[in-house]
Amino acid sequence: MSVKIHLNSEQIHALDLSPVEEKIEDYLEKGRIADYEQKVSFELNYPRDPSDPRELSEIPEIRLWFVRLDARYPWFLYLLDGKTGELYRYIAMLVPHQFNRAEGIQYNPEALEIFAMKKIFVLHDWLKKQNITSTLKLKAIAQSLGFDLDDTLFNLLG
């Protein structure tokens with residue numbers, strides 16, 4: 001039951017979130033949003049000059065669209081398919097980074113830490129509203145970003 005969200009350059013330039021809204025709002029209304037954990041991916045149709053060496057996450061217009069998406073749905077990364085790298089591409093849209101041809105993406109460590117903790121807090125509250133009380137998913141997300149969280153943090157959050 002994977003979900004692919006198609007985006008084109010017109011939607012990106014217009015900051016049009018309707019491709020996401022069409023899918024997500026229906027799931028929210030039916031109370032089934034948690035069923036789509038790690039099921040969502042994006043297909044971006046953004047034509048570029050063949051000589052443009054930038055990755056998609058280095059194009060300001062695309063990054064701005066993802067910043068808007070994250071502002072509207074701050075818990076959206078919960079839905080992203082981590083197995084296909086979609087989670088890391090999403091994070092690259094929101095966290096300063098550099099590309100290294102040999103080592104791949106290298107996030108700014110402090111920015112990544114702030115981003116990760118903010119998302120843990122947002123997701124913790126959002127998951128409680130979805131009646132999901134396990135912290136295993138949050139720990140797994142944090143661990144995929146290189147952070148180990150223990151139960152002490154979650155005890156503080158209530």
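Residue numbers start at 1 and run along the sequence shown.
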Which heavy-atom pair separates L56 from R89 by the least distance, and what is that distance?
->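 So the two residues come closest at CD1-NH1, 3.9 Å.
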Exercise for review: Identify the two heavy atoms, one from I33 and one from W126, that lie closest to each other, and give their separation to 0.1 Å.
Suggested key: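 Minimum heavy-atom separation between I33 and W126: CG2-CZ2, 3.4 Å.
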How many angstroms lie between [atom1] in [X] and [atom2] in [Y], if you round to the nearest 0.5 Å?
{"X": "L145", "Y": "I91", "atom1": "CG", "atom2": "CD1", "answer": "4.0 Å"}
{"X": "F121", "Y": "L156", "atom1": "CZ", "atom2": "CG", "answer": "8.5 Å"}
{"X": "L44", "Y": "I12", "atom1": "CG", "atom2": "CD1", "answer": "4.5 Å"}
{"X": "F76", "Y": "L69", "atom1": "CZ", "atom2": "CG", "answer": "5.0 Å"}
{"X": "L138", "Y": "H124", "atom1": "CG", "atom2": "NE2", "answer": "6.5 Å"}
{"X": "Q106", "Y": "N100", "atom1": "CD", "atom2": "CG", "answer": "4.5 Å"}

Applying salt bridge (Lys or Arg N to Asp or Glu O under 4.0 Å), run through D125 and K129 and close with a yes or a no. CA-CA 7 Å; D125 292 344; K129 289 178 184 172; over 6 Å; no
Do side-chain atoms of [X] reach the backbone of [Y] as a donor and acceptor pair under 3.5 angstrom?
{"X": "K119", "Y": "P74", "value": "yes"}
{"X": "R54", "Y": "I59", "value": "no"}
{"X": "W65", "Y": "D16", "value": "yes"}
{"X": "R63", "Y": "M93", "value": "yes"}
{"X": "E22", "Y": "P19", "value": "no"}

**Asked** Counting heavy atoms not belonging to K39, are there more than 12 under 6.0 Å from its NZ?
**Response**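 Result for NZ/K39: enclosed.
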Dump the intermediate steps for side chain to side chain contact (heavy atoms under 4.5 Å, CB included) on Y46 and H13, then the final yes or no. CA-CA 10 Å; Y46 196 86; H13 286 272; 3.0 Å; yes
Practice task
Check whether any side-chain heavy atom of V3 sits under 4.5 Å from a side-chain heavy atom of Y27, and report yes or no.
Solution key: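 Yes - at least one pair of side-chain heavy atoms lies under 4.5 Å apart.
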What I'd like to find out is whether the side chain of S57 reaches to under 4.5 Å of the side chain of F99, using heavy atoms alone.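 Sidechains of F99 and S57: in contact.
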(Q) Is the distance between the ring centroids of H97 and Y88 under 6.0 Å? (A)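 Centroid distance Y88-H97: not below 6.0 Å, so no.
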Next on the checklist: Quick one, L153 with M117, criterion side chain to side chain contact (heavy atoms under 4.5 Å, CB included). Give me CA distance, side-chain angles, the key distance, then yes/no.
Outcome noted: CA-CA 10 Å; L153 174 67; M117 292 313 302; 3.6 Å; yes
Do Y90 and F42 pass the ring-ring contact (aromatic ring centres under 6.0 Å, His included) test, and can you show the C-alpha distance, the side-chain angles, and the key distance before you say yes or no? CA-CA 9 Å; Y90 184 82; F42 288 98; 7.1 Å; no
Option passing side-chain hydrogen bond (donor to acceptor under 3.5 Å, both in side chains) with K139 (candidates D148, D150, D151):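 Only one of D148, D150, D151 forms a side-chain hydrogen bond (donor to acceptor under 3.5 Å, both in side chains) with K139, namely D151.
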Pair L80-L77, side chain to side chain contact (heavy atoms under 4.5 Å, CB included): steps then yes or no: CA-CA 5 Å; L80 295 171; L77 68 85; 4.1 Å; yes
